[in-house]
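Okay, so here's the structure we're looking at.
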Amino acid sequence: MKSIKSRMDLEDKIAVCQKEMKKGILKNEGAGYWGTSFSKLSLGYIGDIVSNYFSCASCGQLFHLHAETYHGAGGGFEKIGSIDERLQDDI
């Protein structure tokens, strides 16, 4: 897991995800029901909760980008086995 301990860490992870999506390496699977959509994150809007899911375009490995920004609890970008929450309709 790659830890997120600051806003700068989170912004860096968002930028990496954007680059990897543009290269076709990552696929956006959607935002967690209470999280900010990745389309808003990529425009610079970071809400209280970040919960976005991605998959590797070649092998299907799932990844979760998550952070709780309201209280500054941090978060991470990590491999996961499955998506265990309801996703928003708008990715």
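Heavy-atom basis, side chains included; hydrogens, waters and symmetry copies ignored.
- To the nearest 0.5 angstrom, Arg86 atom CZ is 8.5 Å from Trp34 atom CH2.
- Annotation for Ile83: hydrophobic cluster partners, listed by chain and number, are Tyr53, Leu62, Ile80, Leu87 (ILVMFWY side-chain heavy atoms under 4.5 Å, direct or chained).
- The NZ atom of Lys27 sits 10.5 Å away from the CE atom of Met21 when rounded to the nearest 0.5 Å.
- The heavy-atom pair separating Gly60 from Ser55 by the smallest distance is O-CB, 4.0 Å.
- Of the options Leu26, Val16, Ile4, a side chain to side chain contact (heavy atoms under 4.5 Å, CB included) to Leu65 is made by Ile4 and by none of the others.
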Pair Glu78-Lys2, side-chain contact (heavy atoms from CB on, under 4.5 Å): steps then yes or no: CA-CA 6 Å; Glu78 61 189 317; Lys2 296 185 180 185; over 6 Å; no
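- Considering SG of Cys59 and CD1 of Ile25, their distance stands at 11.5 Å, rounded to 0.5 Å.
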Step-by-step side-chain contact (heavy atoms from CB on, under 4.5 Å) determination, Cys17 to Phe77: CA-CA 10 Å; Cys17 288; Phe77 182 77; 3.7 Å; yes
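- Each side-chain hydrogen bond (donor to acceptor under 3.5 Å, both in side chains) pair with one or both residues in residues 10-25, not counting sequence neighbours, appears once here: Arg7-Glu11.
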When the side chains of residues 45-52 are checked against the rest of the protein, which donor-acceptor pairs come out under 3.5 Å, sequence neighbours left out?
unit_1	atom_1	unit_2	atom_2	d
Ser51	OG	His64	NE2	2.9
Ser51	OG	Glu85	OE2	2.7
Asn52	ND2	Thr36	O	3.3

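- Here the closest non-hydrogen pair linking Phe54 and Glu29 is C-CG, 3.9 Å.
- Nearest approach of Ala57 to Gly24, heavy atoms of both residues: CB-O, 3.1 Å.
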